[in-house]
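Everything on this sheet refers to the single structure shown next.
Proteins come first, then strands; the chains are lettered A, B, ... in the order of their sequence lines, and each starts at number 1.
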Amino acid sequence: MSKNFYITTAISYVNGSPHLGHAYEAILTDVMARFKRLDGFNVKFLTGTDEHGQKVAKTAETNGMEPKAFCDKTAAEFEAMTETLNISNDDFIRTTQDRHYTASKAIWSAIKDNNPDDIYLSKYDGWYSVRDEAYFTESELEKGEDGNFYTPGGAPVEWVEEPCYFFRLSAYTDKLLKFYEDNPGFIVPQSRKNEIVSFVKDGLQDISISRTNFKWGVPVPDDPDHVMYVWLDALTNYITGVGYPNTDCDEYKTFWPADIHVIGKDIIRFHCVYWPAFLMSANLELPKQVFAHGFINVEGQKMSKSVGNVIAPQNLIDMFGLDQTRYLLMREVPHGQDGNFSEDHAFQRINSDLANSLGNLVQRTLSMIYKNCDAAIPNPNDFTGDDKKLLNEIYDCFPTLRKHADKMEFHRVLEGIWKIIAHANAYVDEQAPWALRKNDPERMKTVLYVLAEAIRGFAILVLPYTPEAGHKILDRLSVPEDERLFEYVSADHALSGGIIIEKPEGVFPRLEMKEEAA
RNA sequence: GGCGGGGUAGCUCAGGGGUUAGAGCAGUGGAAUCAUAAUCCAUGUGUCGGCAGUUCAAAUCUGCCCUCCGCUACCA
């Protein structure tokens, strides 16, 4: 069984700035990448930007910039976001990089070489609105009193034709359906799979894969009048990132096919229909899974510029802190579904789970050790049944957590961890070490040791979600860097007594509500 | 219109033919005081969207209805 793991986010279109949706996808993917690394996998995590196309060219022009300069500017924002969010990507790809031009041209040529009939020159025609600079399907148009078609916005349209290359997607209907059937886990969640299957079952039409009416793209091999159109270019980034077209290189052999493409639900068709078809045609292996996440609504409303409720990731970090934001998103957004961001709810969740439950557990434990054990982790005496019960619950929980994580059900993973944290807090109250201090100091030491060891476990388990805080706690306990892996959550690697700790300070400070702070 | 998925406690949701329908958060009462006014314990008379049916038994299956949402191809 392979211990390599290749995971990607979708590449972000640089037409706009990063918003909460981008941040969510990056964090979700990052959590999976970190989880796998902590579980002993050799992980490659790729993210990046999609920079070609008419829209970017136009936006650049509007801003009085050359396309490349405009892309440099926006791509930098996305790259900065990965830093801001503590995303552990191993590479950041931009579709304007040389390596990607090479790969994109190569896949085009591979398709032509392997299946010459799959690419053919024809013409793209349709109703074009000059005002909207876009094509419309007839069903979108309305017939005016003069008998001509108009866009919903009332703009006139004209029938235009443009030469372009087509990809023979129609030839892949049955192959794709068979692929979905043979690989039931390819599209997750199931509801999205149903949509795709029913879409494909209706039959596929060929799609245009080049354009001549703008230049901002990868030139088509042997026909420089054309640039490669959108998705063939964009999707190829996933193999560019592992060294394609050099399919003999270590990187490619190690990581392709990808284990998971994490994407938004709006672009499943491109990833679940087009991309597999392109790869089949080019005679390359297909990715193992496409995971489509939902969107984040804000106070129950769709995030949109016109409503004016678009949230920049930085807003949340300023309000809650980075780890808190990461935790919130992973905890509140159910697997593959839309999530809702509500400020009140966020305060509640973060305070309850992070400040009160885990943060306070760490604080109360370390404070007692600091004050009553000469600031050193005590050496325990024999464990009682209660002690073992708590520790074993932590040592034994991982297989279940892993099952949830493998399905990207991180809200369930967190639920599982926090259940045990609650048990640890209950254990503190039952054992009442503050009473033992007077009656039975030796027993108190054991209790505090058990708690410190429990905290070591929690800190490791929590690393994918709240890496900074997790490491901070592990630093306190002087846990060596190379022991911060899931396999170390076991009795075999339990804390040694005698480790000196510093005066504790809160890991997750309690958030004050705005009203109260003002 | 067609296909698909929902409508369960104040909120977010889990469950899914079988004893008194669950969790977290919020609320209420109590305990404790080590700790970040944190923690612990106790506490839910909910028409499980509506109506009808199948069944010894339905939140769980079937039909119809109401309602919300997604998909129904070449902007990405």
Side-chain angles (χ1 to χ4, degrees), chain A residues 10-16 50 52-56 58 124 126 132-137 139 164 166-167 169 189-209 211 229-234 264-270 273-274 292 294-295 300 302 331-334 337-340 342 344-345 347-349 351-372 411-412 414-415 418-419 422-437 444 447-448 451 504-512:
Chain A
I11 46 177
S12 307
Y13 203 52
V14 293
N15 198 39
D50 178 14
H52 290 131
Q54 191 169 20
K55 223 175 206 173
V56 166
K58 291 278 179 202
Y124 183 73
D132 297 295
E133 292 167 359
Y135 284 92
F136 288 81
T137 61
S139 59
C164 69
F166 274 75
F167 174 74
L169 186 64
Q190 181 74 29
S191 55
R192 299 295 164 199
K193 179 186 170 178
N194 296 344
E195 283 176 13
I196 288 296
V197 170
S198 72
F199 171 75
V200 175
K201 269 188 177 155
D202 283 347
L204 295 170
Q205 295 169 22
D206 295 347
I207 52 170
S208 61
I209 50 169
R211 281 302 173 80
Y229 187 46
V230 286
W231 285 99
L232 180 50
D233 159 15
K265 64 180 184 180
D266 53 335
I267 54 174
I268 37 174
R269 178 177 310 150
F270 304 97
V273 181
Y274 298 0
F295 294 153
K302 216 171 198 171
R331 179 62 233 242
E332 289 289 284
V333 183
Q337 295 178 40
D338 286 354
N340 183 49
S342 140
D344 287 351
H345 200 74
F347 271 106
Q348 224 172 63
R349 183 104 239 170
N351 274 339
S352 168
D353 290 1
L354 295 182
N356 300 352
S357 236
L358 177 56
N360 186 50
L361 174 69
V362 173
Q363 185 68 6
R364 70 200 300 208
T365 300
L366 296 187
S367 290
M368 285 187 276
I369 291 173
Y370 185 78
K371 287 178 189 164
N372 304 316
H411 65 297
R412 287 198 195 276
L414 292 171
E415 197 177 56
W418 256 260
K419 193 169 189 169
H423 292 167
N425 268 318
Y427 170 88
V428 180
D429 280 55
E430 283 161 19
Q431 302 299 325
W434 49 90
L436 294 172
R437 182 168 58 113
M444 177 197 73
V447 168
L448 293 180
L451 285 167
E505 50 180 74
V507 238
F508 293 113
R510 191 179 166 76
L511 301 172
E512 297 301 329

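- With sequence neighbours left out, A:Tyr427 forms a side chain to side chain donor-acceptor pair (under 3.5 Å) with A:Asp387.
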Using a cut-off of under 3.5 Å, enumerate the N/O to N/O pairs linking the protein to nucleotides 4-7 of chain B.
none

Every protein N/O lying under 3.5 Å from an N/O of nucleotides 23-34 of chain B:
unit_1	atom_1	unit_2	atom_2	d
B:rG24	O2'	A:Arg349	NH2	3.4
B:rC25	O2'	A:Gln348	OE1	2.7
B:rC34	O2	A:Arg364	NE	3.2
B:rC34	N3	A:Arg364	NE	3.4
B:rC34	N3	A:Arg364	NH2	2.6
B:rC34	N4	A:Arg364	NH2	3.0

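- With sequence neighbours excluded, the residues satisfying ring-ring contact (aromatic ring centres under 6.0 Å, His included) with A:Phe166 are A:Tyr120.
- Per the geometry, CG belonging to A:Asn351 stands 12 Å off C1' belonging to B:rA37, to the nearest Å.
- By the salt bridge (Lys or Arg N to Asp or Glu O under 4.0 Å) test, A:Glu415 pairs with A:Arg331, sequence neighbours left out.
- Side chains of A:Asn360 and A:Arg510: a donor-acceptor N/O pair is absent below 3.5 angstrom, by distance only.
- B:rA42 is paired with B:rU28 under the criterion used here, namely a Watson-Crick or G-U wobble arrangement in which both key atom distances are under 3.5 Å.
- If you check every strand for non-hydrogen atoms under 4.0 Å, A:Gly53 touches nothing.
- Comparing B:rA38, B:rU39, B:rG15 against the side chain of A:Arg510 picks out B:rA38 as the nearest.
- Only one option out of A:Asn425, A:Val447, A:Leu451 pairs with A:Thr365 in a side chain to side chain contact (heavy atoms under 4.5 Å, CB included); it is A:Leu451.
- Between the CG atom of A:Leu361 and the P atom of B:rA35 there is a distance of 14 Å, rounded to whole Å.
- For A:Lys201, the side chain to side chain contact (heavy atoms under 4.5 Å, CB included) partners at least two apart in sequence or on another chain are A:Leu177, A:Val197.
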